[in-house]
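Just so we're on the same page: letters track the sequence lines, and every chain starts at 1. What you see is a predicted model; the values in this text were computed from it and never measured.
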Amino acid sequence: MKPLFDGLRRAGVAGAVLLPAAAFAQDAAQQAAPVADKGDTAWMMVSTLLVLMMILPGLQLFYGGLVRTKNMLSVLTQIGAATCLAMLIWVVCGYSLAFGPDAPAPFTPFIAGLDRMFLAGITPASTAATFTKGVVIPEYVFICFQMTFAAITLSIVLGGIVERVKFSALMVFALVWMPIVYLPIAHMVWASSGLFFTMGALDFAGGTVVHINAGVAALVAAIVAGKRLGYMKDSMAPHSLTLTLVGTGLLWVGWFGFNAGSALEANGSAALAMINTFVATAAAGLAWLAAERLFGHKPSALGLASGIVSGLVAVTPAAGHAGPLGAILLGAVTALACYVAVAIIRPKLKYDDSLDAFGIHGVGGIVGAIGTAIVYAPALGGQGAADYDMAAQLGVQIAAVCATIAWSTVGTLIALFIARAVTGLRVTTEAEREGLDLAEHGERAYNL
Amino acid sequence: MKPLFDGLRRAGVAGAVLLPAAAFAQDAAQQAAPVADKGDTAWMMVSTLLVLMMILPGLQLFYGGLVRTKNMLSVLTQIGAATCLAMLIWVVCGYSLAFGPDAPAPFTPFIAGLDRMFLAGITPASTAATFTKGVVIPEYVFICFQMTFAAITLSIVLGGIVERVKFSALMVFALVWMPIVYLPIAHMVWASSGLFFTMGALDFAGGTVVHINAGVAALVAAIVAGKRLGYMKDSMAPHSLTLTLVGTGLLWVGWFGFNAGSALEANGSAALAMINTFVATAAAGLAWLAAERLFGHKPSALGLASGIVSGLVAVTPAAGHAGPLGAILLGAVTALACYVAVAIIRPKLKYDDSLDAFGIHGVGGIVGAIGTAIVYAPALGGQGAADYDMAAQLGVQIAAVCATIAWSTVGTLIALFIARAVTGLRVTTEAEREGLDLAEHGERAYNL
Amino acid sequence: MKPLFDGLRRAGVAGAVLLPAAAFAQDAAQQAAPVADKGDTAWMMVSTLLVLMMILPGLQLFYGGLVRTKNMLSVLTQIGAATCLAMLIWVVCGYSLAFGPDAPAPFTPFIAGLDRMFLAGITPASTAATFTKGVVIPEYVFICFQMTFAAITLSIVLGGIVERVKFSALMVFALVWMPIVYLPIAHMVWASSGLFFTMGALDFAGGTVVHINAGVAALVAAIVAGKRLGYMKDSMAPHSLTLTLVGTGLLWVGWFGFNAGSALEANGSAALAMINTFVATAAAGLAWLAAERLFGHKPSALGLASGIVSGLVAVTPAAGHAGPLGAILLGAVTALACYVAVAIIRPKLKYDDSLDAFGIHGVGGIVGAIGTAIVYAPALGGQGAADYDMAAQLGVQIAAVCATIAWSTVGTLIALFIARAVTGLRVTTEAEREGLDLAEHGERAYNL
Amino acid sequence: MKLITAIIKPFRLEQVREALMQGGVQGMTVSEVRGFGRQRGQTEQYRGAEYDLNLVPKLKIEVVVEDADMQRIAEAIALAAQTGNPGDGKLFVTSIGQAVRIRTGELDETAL
Amino acid sequence: MKLITAIIKPFRLEQVREALMQGGVQGMTVSEVRGFGRQRGQTEQYRGAEYDLNLVPKLKIEVVVEDADMQRIAEAIALAAQTGNPGDGKLFVTSIGQAVRIRTGELDETAL
Amino acid sequence: MKLITAIIKPFRLEQVREALMQGGVQGMTVSEVRGFGRQRGQTEQYRGAEYDLNLVPKLKIEVVVEDADMQRIAEAIALAAQTGNPGDGKLFVTSIGQAVRIRTGELDETAL
Ligand SMILES: Nc1ncnc2c1ncn2[C@@H]1O[C@H](COP(=O)(O)OP(=O)(O)O)[C@@H](O)[C@H]1O
Ligand SMILES: Nc1ncnc2c1ncn2[C@@H]1O[C@H](COP(=O)(O)OP(=O)(O)O)[C@@H](O)[C@H]1O
Ligand SMILES: Nc1ncnc2c1ncn2[C@@H]1O[C@H](COP(=O)(O)OP(=O)(O)O)[C@@H](O)[C@H]1O
């Protein structure tokens with residue numbers, strides 16, 4: 001998903017100018033002003049709504065099933081409201097700051113300008129370029145597609161700090177975090193003038209922007225917010241693994257919008273991303289079960305779900321770059337890494353990353369981003385050229401990962417401190433004990 | 001969604017005649033008989049199944065979560081069976097009466113003829129026109145797409161009268177209501193010879209036909225059926241807000257089929273409908289939470305869900321007509337109106353519109369339909385021409401709204417009285433107390 | 001879904017060879033080497049993920065809701081892990097054995113060769129032929145689409161033996177059953193050199209391969225595994241019909257990928273399959289309710305769900321062959337047949353096909369496969385030619401059905417005996433009583 | 001002190017609670033139970049399988065009262081719960097040796 | 001009258017109910033409880049977190065019987081519930097001062 | 001023997017269980033109940049409808065102990081459950097006539 005942005009802007013203008021001509025210009029290829037192929041448009045609209053489904057109800061259920069009954073609605077409401085907020089931020093300034101015309105130097109590599117605030121100047125006839133020269137999609141579709149990425153990233157972060165933070169604090173956090181963390185990183189990775197883009201970092205569908213970023217932010221937030229009352233003492237068993245498994249299924253289904261949609265076209269590259277998103281995930285699901293057996297436990301439903309999600313995270317940056325065998329490998333290895341992070345390391349450390357947003361999205365994202373440099377190699381069936389220099393690419397990937405971690409950590413700290421200053425961040429002990437559903441939202445999830 | 005129906009019929013015939021030629025006529029644009037673009041076909045098939053998903057399981061869960069445990073299955077069964085029935089009615093006579101060749105005067109503005117009963121004469125090669133001259137989609141796809149609209153409208157009505165009406169009564173009601181209420185209104189709004197269509201009413205995706213119509217019918221039915229036992233005395237807290245929120249997510253996802261699908265093509269107009277369906281909804285979700293705060297309550301999960309649905313309702317007639325900023329405005333205002341209707345006015349009046357089908361679909365539909373005339377203005381970023389006459393359009397919109405309300409009220413009353421005469425309408429007091437699941441369906445939703 | 005396989009292979013190679021040329025070969029029709037239409041590609045990618053959604057979370061919920069609370073996670077985990085395993089088997093050898101280049105005689109009619117193991121030689125530019133000469137889709141998409149069919153077939157089988165079989169036994173069973181049962185039958189039905197294909201058996205979307213095959217295997221497995229403890233004595237009421245109904249909705253939505261996707265193109269044939277998948281299902285849902293009334297019971301939620309699924313099964317082989325009226329007929333008749341099988345015959349026999357995988361998929365598949373020969377007749381609105389010989393076709397269909405039953409029975413027995421030898425097949429009495437969730441997976445589905 | 005245990009029809013809870021409050025009782029404890037008795041439940045049918053729901057949902061109300069109030073309160077509960085149809089439930093009285101308010105440690109009558 | 005309270009393994013409910021009916025008892029009340037005792041529950045594992053499920057699901061059966069029937073009925077229940085493995089549960093007997101059938105107001109023995 | 005019944009706040013279960021084990025009690029039975037008393041629940045709001053949640057979730061703990069242990073154990077429970085805020089709950093003691101361990105048929109004290 002690296003639209004060639006000069007092309008994009010030019011195409012957008014061209015489309016607007018040539019609007020009256022569009023009707024008879026059905027056959028785009030030979031035209032001066034490209035018109036969107038309807039197959040591409042259909043696919044990208046579907047991809048967009050698939051990513052929405054990943055959040056509502058996918059992630060809501062995946063996360064919600066893991067908390068205690070008394071906090072179920074708070075998770076659903078937090079994710080739902082954060083998604084709404086992220087969308088509004090996106091049209092107000094987000095799209096412009098991430099993908100708008102270049103900001104003046106020295107900001108160019110880090111952020112774009114504000115010219116497209118409120119989507120100024122964009123019409124139904126505006127188009128955005130894809131990776132293929134001369135192929136475009138309606139710009140509104142591109143905006144929507146990217147909007148869902150912003151929303152899901154913010155939502156994943158919440159997994160680190162459920163069951164204890166005020167709803168108002170999360171809203172303030174979101175308002176600050178989006179502009180200072182998400183938008184710059186999205187610009188750096190996906191805009192042609194962005195820092196990582198110019199470095200040549202490989203990130204097919206947003207492993208850095210979405211998963212590493214969200215995972216790290218969740219970890220930082222979990223540490224700053226502190227542990228839940230009774231953490232490691234009371235039973236905090238998931239209130240409904242059934243819902244978590246439903247969420248897992250919807251995440252997998254929706255993730256094809258995320259990964260195959262990131263091809264921006266309905267073509268062979270999308271098809272490759274699709275098969276990789278199948279097999280990496282399947283391998284990761286089974287690998288997690290195998291890891292449980294290996295470490296003396298029973299193969300569990302939550303293990304399968306965790307493996308599936310870690311595989312999806314892993315294959316995100318590699319989706320259009322790896323071959324199926326490379327993807328299987330990457331999925332399996334990442335699942336093992338996440339298993340160790342979540343089941344062995346986290347219980348030993350003191351932080352309460354409640355839903356393992358870091359353990360799965362952060363760790364999985366990092367392994368996936370670095371692994372992408374490996375599975376890109378043609379020897380492993382990857383799409384790299386014959387003279388692909390793996391060592392160099394590994395360096396680039398690691399640099400991008402480290403920079404993302406650093407930026408996300410600092411920005412998240414700032415956002416948290418502002419949220420704490422404004423709202424106090426955590427609910428009272430009583431509210432936490434009674435549950436956020438009643439205390440913060442005045443409702444109970446179930447009246448059976 | 002206003003197919004040019006002369007074009008449609010001609011195209012249909014043409015497609016049938018030219019069938020043998022179709023194989024080599026892959027490249028449609030230059031041909032005399034238009035062939036469907038596969039991108040459009042793909043998008044419209046997806047849109048169709050998205051609307052089905054809005055009903056099963058979307059609306060089933062949205063509504064089902066709001067009733068008491070003992071009536072859960074009755075809601076699921078009622079919506080499921082009503083959907084099946086509506087589909088059969090649709091192919092038997094519905095499509096013909098709504099979209100078939102003109103009926104003789106003076107019926108022309110109100111209903112079409114019966115020539116297409118049992119879909120007579122339609123083949124896989126038949127096509128239906130879209131809004132763009134020369135662009136068609138397979139007629140079967142158009143029939144299916146429209147079929148799902150009929151089914152969801154009927155299903156929404158049930159929200160007014162859950163937890164007390166006999167299953168058999170609902171089946172009789174459906175059999176009468178579809179031909180005398182839904183089909184005429186659909187014809188009036190969408191067929192080129194229809195009353196509202198010729199008046200020039202704006203209704204992109206069915207705000208009048210679906211939401212105002214269903215909302216008003218639900219209100220009338222709620223009043224005729226009477227209140228549930230214990231209404232306003234016993235606790236009737238939703239048995240699972242979790243399911244309601246899941247339904248909300250699926251409704252939002254599916255609504256893109258409803259709204260963006262109503263462009264009938266995978267083009268910039270669909271893209272505009274898509275972004276509007278994102279941002280109006282996001283604004284409405286947050287606006288409802290804000291309204292709760294304003295009126296001294298906690299921001300609630302059900303509030304978020306209600307806001308999201310009211311925003312979706314609001315943007316339905318405006319989806320392809322407004323710009324994103326107009327959509328945000330329309331969504332927010334409608335959410336406030338629905339909040340007042342549902343949380344302030346309804347408790348003061350005596351009727352038991354149990355799931356607020358009127359409060360949200362009716363009120364939201366009315367505000368949305370009228371507001372469409374406003375946000376259509378180019379000054380607000382709408383798609384109206386430079387010389388757009390807002391006052392005139394407002395008049396047309398209000399006239400269409402009033403006519404729909406009147407027609408729906410009278411027709412619904414007739415259908416209810418027939419249903420009451422045949423079946424008695426309400427279950428016995430004992431059955432209502434025990435719950436419709438056991439009394440009417442012989443099952444319980446949960447055996448935990 | 002019968003790709004012309006010589007065409008497929010040729011196209012695949014051609015695509016690979018012509019890759020550098022692909023960029024300027026946007027307009028496929030006139031080219032020597034066909035390029036995939038993006039509308040078809042978009043539709044087939046959507047169809048593929050719809051079939052995944054049928055499994056995760058569709059079938060998981062449909063089945064899971066029907067078991068007792070204590071076994072819920074085992075159902076979710078079994079289906080999830082079986083799906084993952086089937087996918088890996090598919091890329092390792094499954095695709096090659098089902099759809100690869102011909103195996104040497106005399107194996108040709110029964111299985112393909114191993115040349116495509118690990119998807120050897122396939123690239124993003126490879127294409128697979130469709131039913132229309134010169135129209136292709138990316139081969140990776142075809143592989144993914146077919147992969148989901150393999151996964152769902154295996155998953156359906158599990159419905160016969162839930163609540164009592166070891167997780168490890170199922171994994172061993174899957175490893176044996178896929179190569180010796182699923183892959184040969186898929187080859188026989190869908191490959192141009194396959195036995196049933198050359199016989200001229202009609203099976204639009206896999207009634208034989210998926211439903212008869214899975215249903216029979218489930219029955220055999222249910223008999224071999226034996227009854228659940230307390231079968232026909234203790235209450236084994238479904239723990240959550242709500243979830244079963246959600247699964248039903250998702251199955252219906254996803255089934256459009258299954259059926260309309262089997263057209264392999266976004267065209268009129270897919271549109272026909274779509275409308276048939278609507279109306280056959282609607283008729284079947286209502287027919288089951290009617291049957292319940294007829295036999296003196298209340299119309300039930302589970303009845304509606306069962307009817308819907310039986311209608312979907314029925315219309316699978318007929319989807320692109322019948323007309324809408326034929327489909328309605330076929331759906332209704334099949335629902336009645338399945339009702340009798342499930343509610344009247346099964347309780348009288350001694351076997352415990354726990355979730356009626358045979359009663360619905362097996363019986364429904366058989367009635368559907370034979371009925372396809374009837375509704376194919378042009379007199380019933382079917383797609384058969386004017387000189388269609390129904391008697392001959394009936395003979396072919398019955399032969400294919402019998403052969404499938406025989407093959408599936410023998411192969412399933414072999415797989416079961418191997419699984420029993422390796423793992424012991426059934427869990428201990430204690431584990432069964434405590435529930436497989438705790439005993440096999442160490443978790444509970446709900447901690448409310 | 002006496003413990004009054006009443007098994008009642010679930011939809012009568014509100015009436016019973018009001019009767020108790022009017023009778024001056026400050027607290028009670030409610031639990032969901034299933035009862036088996038003369039009243040038979042509905043038959044449930046799932047595909048082929050029929051189950052007699054011979055366990056009917058009931059609520060169990062437990063109230064501890066002073067000895068002197070027992071008769072009055074028991075009557076009030078019974079009256080509030082009565083519909084006259086089978087399945088109205090039972091009311092039992094047991095003696096309590098000691099009562100404690102956990103918050104304060106207050107004993108017996110003052111603990112109620 | 002006596003109240004017999006038995007804590008039993010859930011899957012023995014059907015046997016106990018049959019034993020009661022054969023013993024001439026017309027009603028009983030069942031509730032879902034969790035028991036802690038010698039029988040230890042399974043260990044549950046969710047990602048890193050292990051929980052000993054030391055509360056095992058049980059059913060509590062409550063039956064009120066005439067004094068004369070108490071011994072016989074208690075034995076019948078215990079026999080029907082016995083599997084011989086840890087966790088079979090306990091049976092307790094308490095005295096009931098008064099019993100009322102809410103539907104009719106019948107008292108004591110006639111109320112059962 | 002005595003039956004100690006305690007109504008407690010749910011999040012105090014762990015403490016009470018530990019107190020019992022330290023007091024030498026080997027078993028207990030827990031059920032989910034809802035309590036009505038001085039402590040008022042939150043108000044719930046669903047669209048227009050407000051419900052006072054005047055039934056607050058509680059746990060009921062039942063323990064049978066020897067007469068001699070009663071006082072000590074009751075105190076231990078009360079102490080473990082006490083937070084000092086309204087709603088901490090009640091503790092009642094009843095006499096048990098007979099106790100049986102179903103697994104073995106052991107009686108009374110040896111059955112505990
Ligand atoms: N002997 C008994 N011991 C304990 N509970 C009983 C007994 N008999 C009845 N019950 C309880 O009282 C409820 C009502 O009893 P039932 O016989 O159905 O109606 P009625 O009391 O009106 O004759 C039963 O559902 C059961 O919970
Ligand atoms: N002292 C007690 N007071 C109340 N209930 C008890 C007591 N001891 C045991 N129980 C109940 O009896 C059940 C079975 O007891 P347990 O010690 O596990 O087995 P067994 O009775 O076979 O020795 C427990 O789960 C608990 O519900
Ligand atoms: N008279 C009573 N009989 C039975 N249970 C009672 C009685 N009074 C209170 N309870 C139970 O004790 C719980 C706590 O009582 P409450 O009055 O709220 O607080 P506190 O005991 O701290 O004064 C109640 O929720 C209820 O379950």
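- In this structure, the portions of A:P57 lying under 4.5 Å from any heavy atom of chain B include both its backbone and its side chain.
- Taking CG from B:L272 and OG1 from A:T123, the interatomic distance works out to 9.0 Å, rounded to the nearest 0.5 Å.
- Neither the backbone nor the side chain of A:S74 comes within contact range of chain B; no heavy atoms are under 4.5 Å apart.
- Of residues 285-293 of chain B, those residues with a non-hydrogen atom less than 4.5 Å from any non-hydrogen atom of chain A are, in numerical order, B:L286, B:L289.
- Annotation: the span from A:D37 atom CG to B:N267 atom CG amounts to 12.5 Å, rounded to 0.5 Å.
- Note that CE of B:M274 is 12.5 Å distant from CD1 of A:I143, once rounded to the nearest 0.5 Å.
- Considering every non-hydrogen atom in both A:H441 and B:S300, the closest pair reads O-CB, 3.6 Å.
- Only the side chain of A:F167 comes within contact range of chain B, judged by heavy atoms closer than 4.5 Å.
- Interface remark: A:L438 contributes backbone atoms only to the contact with chain B (heavy atom separation under 4.5 Å).
- Comparing A:G442, A:C144, A:S168 by how many heavy-atom pairs each has under 4.5 Å with chain B, the most go to A:C144.
- Contacts between B:A270 and chain A at a heavy-atom distance below 4.5 Å involve backbone atoms as well as side-chain atoms.
- Note on B:A266, B:G303, B:G311: by heavy-atom pairs under 4.5 Å with chain A, the leading option is B:A266.
- By number of non-hydrogen pairs under 4.5 angstrom with chain A, the leading residue of B:A42, B:G65, B:P324 is B:P324.
- Applying a 4.5 Å heavy-atom cutoff, the residues of residues 237-250 of chain A that approach chain B are A:L243.
- Between chain A and the residues B:A283, B:A445, B:G307, B:G323, the most heavy-atom pairs under 4.5 angstrom are made by B:A283.
- Close approach to chain A, defined as a heavy atom under 4.5 Å from one of its heavy atoms, is seen in B:V46, B:L50, B:M53 of residues 44-56 of chain B, taken by number.
- Interface summary for chain A: among B:I308, B:L302, B:T41, the most heavy-atom pairs under 4.5 angstrom belong to B:L302.
- Both the backbone and the side chain of B:P299 come within less than 4.5 Å of a heavy atom in chain A.
- Heavy-atom proximity under 4.5 angstrom to chain B picks out A:L76, A:T77, A:G80, A:A81, A:C84, A:L85, A:M87 from residues 76-87 of chain A.
- Checking side-chain atoms of B:K38 against main-chain N and O of A:G39 turns up no donor-acceptor pair under 3.5 Å.
- Here A:Y140 is the residue among A:Y140, A:W43, A:W90, A:F118 with the most heavy-atom pairs under 4.5 Å with chain B.
- Residue A:A151: no heavy atom, backbone or side chain, is found under 4.5 Å from chain B.
- With a threshold of 4.5 angstrom between heavy atoms, A:L448 approaches chain B through its backbone and through its side chain.
- With a 4.5 Å cut-off on non-hydrogen atoms, B:F256 touches chain A through its side chain but not through its backbone.
- Only the side chain of B:I328 comes within contact range of chain A, judged by heavy atoms closer than 4.5 Å.
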